[in-house]
Structures are given as structure tokens and as C-alpha cells.
Amino acid sequence: MKKITQLLLLTTFACTITYGQQITLMDFGLPSQPTTIGNWNNITSGTSVTPLGLIDNTGATTGEVLTLTDAFDDDINGWGTLTPGSPASTWADAQATRDNLFGENVDFTDTTLSNEPTGGFTLSGLEAGKYYSFKIFASRMIGDGLNRETLYTITGAAAQTATLDATNNTTEVATINNVQPDGSNNITIEATTGTNNTA
């Protein structure tokens with residue numbers, strides 16, 4: 001049986017500081033479908049990503065860098081929802097929710113990479129002592145009745161996890177709050193198959 005792990009679609013992370021929050025929006029998806037409304041960081045490959053200097057939702061440079069540290073499949077899912085509902089719709093629209101990166105435990109379609117059961121990124125250049133929170137949304141609109149639960153592990157000074165089933169998802173969000181960077185001011189984001197995944 002195929003084990004297709006739906007991984008990161010888009011991530012919002014906020015740095016909580018005394019005078020407010022800095023929000024960075026990331027859309028992981030097809031090169032032909034970047035998010036152009038607002039100030040988004042578009043990541044259009046899961047296998048070859050040049051370290052990307054990030055901007056926040058105001059368009060300002062954050063000083064933070066996203067680096068691919070664990071390859072995803074070289075295919076990209078373009079079948080996410082075009083009608084996200086709340087709470088996802090409060091910070092993302094169809095340009096971001098319609099596509100995502102994913103991984104797999106067996107060969108899938110005609111891609112050159114296979115057996116990519118995990119995928120992940122590292123955020124570097126973060127501020128020591130600050131807390132970062134993450135919202136993750138993923139969607140695969142398909143009527144096969146299978147569970148595409150993904151386990152997200154976000155690790156800084158400590159590790160936290162959350163799960164999300166991407167199958168026919170239009171509203172659900174995985175949330176991980178108050179992650180402090182590690183001693184090198186990095187946080188890693190990894191995704192793999194959740195225990196309920198049957199896809």
C-alpha cells in the first residue's frame with residue numbers, strides 16, 4: 001500500500017516580542033502557482049532550494065534564512081482546496097492553499113526521487129530568547145477516503161509536535177506555539193507520516 005505523506009503547504013510563524021508580533025508567511029508549492037497577494041515567501045521546490053532570506057508580512061527583511069535540510073518528493077501536489085475556511089482563511093487564501101510539497105514511503109507516479117518519507121527545513125538567524133509560533137495548513141482534495149495525517153516536529157531548544165490530515169481539509173490547522181531557538185539560533189521543521197496515515 002502506498003504511504004503518501006502530505007507535508008508542508010504553508011507555514012505562518014510569529015516571533016512574539018514585547019511590542020507585538022512579526023509574522024512570516026511561507027507558501028510551499030508549484031512554481032506556476034506562487035502566492036502573489038500580500039508579502040509571501042514562495043518556496044517552489046522540495047528538492048533544490050537556495051537558502052532563502054525571508055520577508056515578513058509587511059515586506060520587511062527579517063534577517064532569517066530558510067534552508068532545505070531534508071528533501072521532499074520532486075513532485076508537487078496541486079490539488080489543495082481553493083476555498084479555505086476559518087481559521088485557515090484568516091491568514092491564507094486559495095493562492096497558498098491549493099498546492100503543497102509532500103513525501104512518500106514508496107515510488108509515486110513517474111518522479112525521479114522516491115522513498116522520501118520525511119522532509120524538512122531549517123530556519124536560521126533567529127533571535128535568542130524569543131518565542132516562535134507556527135501554524136501549518138495542508139490540503140489534498142480527493143475522494144478516496146484515505147487518511148493523509150502528517151506528523152510535524154518543530155525543534156529548537158526543545159521539540160514539539162502536531163498532526164494534520166490533509167485529505168479534503170479546508171479548515172484545520174496544526175499549531176505549535178512558543179518554540180525557542182536552539183543554541184545556534186536555529187529551529188528545524190520536519191514532516192513525516194502520522195500514525196493514522198493510510199494513504
Side-chain angles (χ1 to χ4, degrees), residues 7-72 74 76-78 80 84 87-102 118-139 152-160 162 164 173-191:
L7 301 181
L8 299 172
L9 164 63
L10 54 92
T11 305
T12 303
F13 70 91
C15 171
T16 304
I17 49 182
T18 56
Y19 56 88
Q21 291 186 332
Q22 181 182 47
I23 298 173
T24 301
L25 302 167
M26 287 178 268
D27 177 7
F28 298 86
L30 293 163
S32 61
Q33 296 180 353
T35 299
T36 57
I37 299 171
N39 295 297
W40 284 76
N41 299 277
N42 288 285
I43 297 89
T44 57
S45 172
T47 59
S48 178
V49 178
T50 301
L52 176 65
L54 301 176
I55 60 171
D56 67 17
N57 64 335
T58 70
T61 301
T62 67
E64 299 153 359
V65 175
L66 179 140
T67 304
L68 176 70
T69 49
D70 186 357
F72 294 77
D74 58 353
I76 296 175
N77 168 45
S89 62
T90 62
W91 50 275
D93 63 24
Q95 283 191 303
T97 61
R98 64 186 173 177
D99 53 2
N100 63 278
L101 305 180
F102 65 91
T118 63
F121 294 88
T122 295
L123 297 171
S124 58
L126 304 174
E127 294 186 60
K130 298 297 168 85
Y131 291 88
Y132 294 79
S133 295
F134 298 81
K135 294 180 182 177
I136 302 167
F137 178 84
S139 177
Y152 299 96
T153 302
I154 297 181
T155 306
Q160 296 185 52
L164 181 67
V173 175
T175 302
I176 296 177
N177 292 319
N178 300 323
V179 180
Q180 286 190 297
D182 65 17
S184 300
N185 296 328
N186 297 333
I187 290 175
T188 61
I189 304 166
E190 288 230 349

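Values below: every heavy atom of this structure, side chains too, minus hydrogens, waters and symmetry copies.
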Student: Can you see which heavy atom on Glu127 is nearest to which on Pro181, and at what distance?
Tutor: O-CG, 3.5 Å

Student: Within a strict 4.5 Å, meaning less than it, do heavy atoms of the Thr24 and Asn57 side chains meet?
Tutor: no

Student: How many angstroms lie between CD in Glu190 and OG1 in Thr69, if you round to the nearest 0.5 Å?
Tutor: 6.0 Å

Student: My understanding is that only residues two or more places apart in sequence, or in another chain, count here; which of them pass side-chain contact (heavy atoms from CB on, under 4.5 Å) with Ala174?
Tutor: Ile136, Tyr152, Ala162, Leu164

Student: Any non-hydrogen side-chain atom of Tyr131 less than 4.5 Å from a side-chain atom of Ser133?
Tutor: no

Student: Of all heavy-atom pairs between Pro84 and Ala92, which one has the smallest distance, and what is that distance?
Tutor: CG-O, 4.0 Å

Student: What verdict does the side-chain contact (heavy atoms from CB on, under 4.5 Å) test give for Asn178 and Phe134, after you've listed the backbone C-alpha separation in whole Å, the side-chain angles of each residue and the deciding distance to 0.1 Å?
Tutor: CA-CA 8 Å; Asn178 300 323; Phe134 298 81; over 6 Å; no

Student: Is Trp40 close to Ile55 at the side-chain level, that is, under 4.5 Å between some pair of heavy atoms?
Tutor: no

Student: Do Met26 and Leu66 come within less than 4.5 Å of each other through their side chains, counting heavy atoms only?
Tutor: yes

Student: How long is the span from the CG atom in Asp74 to the OG atom in Ser48, to the nearest 0.5 Å?
Tutor: 11.0 Å

Student: Please name the pair of heavy atoms, one in Val173 and one in Pro87, separated by the smallest distance, quoted to 0.1 Å.
Tutor: CG2-CG, 4.0 Å

Student: Would you say Ile187 and Tyr132 make side-chain contact, with heavy atoms under 4.5 Å?
Tutor: yes

Student: Would you mind reporting whether Ile43 and Asp27 have side-chain heavy atoms less than 4.5 Å apart?
Tutor: no

Student: With no hydrogens and no angle check, just 3.5 Å: does a side-chain donor-acceptor pair link Asn100 and Asn77?
Tutor: yes

Student: Please round to the nearest 0.5 Å and tell me the distance separating atom CG of Asn39 and atom CD1 of Ile23.
Tutor: 12.0 Å

Student: Please give me the minimum heavy-atom distance between Pro31 and Ile76, naming the atom from each residue.
Tutor: CD-CD1, 4.3 Å

Student: Compare all side-chain heavy atoms of Ser139 with those of Thr97 and state whether any distance is below 4.5 angstrom.
Tutor: no

Student: Work out which heavy atom in Val179 is nearest to a heavy atom in Gly156; give both atom names and the distance.
Tutor: CG1-N, 3.9 Å

Student: Over all heavy atoms of both residues, which pair between Trp91 and Leu25 is shortest? Give the atoms and the distance, please.
Tutor: O-CD2, 4.2 Å

Student: Decide side chain to side chain donor-acceptor pair (under 3.5 Å) for Thr44 and Asn42; before the verdict, give the C-alpha distance in whole Å, the side-chain angles of both, and the deciding distance to 0.1 Å.
Tutor: CA-CA 6 Å; Thr44 57; Asn42 288 285; over 6 Å; no

Student: Tell me if a side-chain donor or acceptor on Asn41 pairs with a main-chain N or O of Leu54 at a distance below 3.5 Å.
Tutor: no

Student: For the residue pair Asn186 / Ser184, report whether a side-chain donor-acceptor contact shorter than 3.5 Å exists.
Tutor: no

Student: Just how far is it from atom CG of Asn177 to atom CD of Gln160, taken to the nearest 0.5 Å?
Tutor: 7.5 Å

Student: Would you say the side chain of Gln33 lies within less than 4.5 Å of the side chain of Arg98, judging by non-hydrogen atoms?
Tutor: yes

Student: Hey, are Gln22 and Thr62 close enough side-chain-wise for a donor-acceptor pair under 3.5 Å?
Tutor: no

Student: Could you check whether Phe121 and Phe72 have their ring centres less than 6.0 Å apart?
Tutor: yes

Student: How long is the straight-line distance from CD of Glu64 back to CG of Asn185, given to the nearest 0.5 Å?
Tutor: 10.5 Å

Student: When rounded to the nearest 0.5 angstrom, what is the spacing between CD1 in Ile176 and OG1 in Thr153?
Tutor: 7.0 Å

Student: Apply the test side-chain contact (heavy atoms from CB on, under 4.5 Å) to residues Thr50 and Leu52: give CA-CA distance (whole Å), side-chain angles for both, the deciding distance (0.1 Å), then the verdict.
Tutor: CA-CA 6 Å; Thr50 301; Leu52 176 65; over 6 Å; no

Student: Taking Ser45 for the side chain and Thr47 for the main chain, is one N or O donor matched with an acceptor at less than 3.5 Å?
Tutor: yes

Student: Do Thr118 and Asp70 get their side chains close enough for a donor-acceptor pair, meaning under 3.5 Å?
Tutor: yes

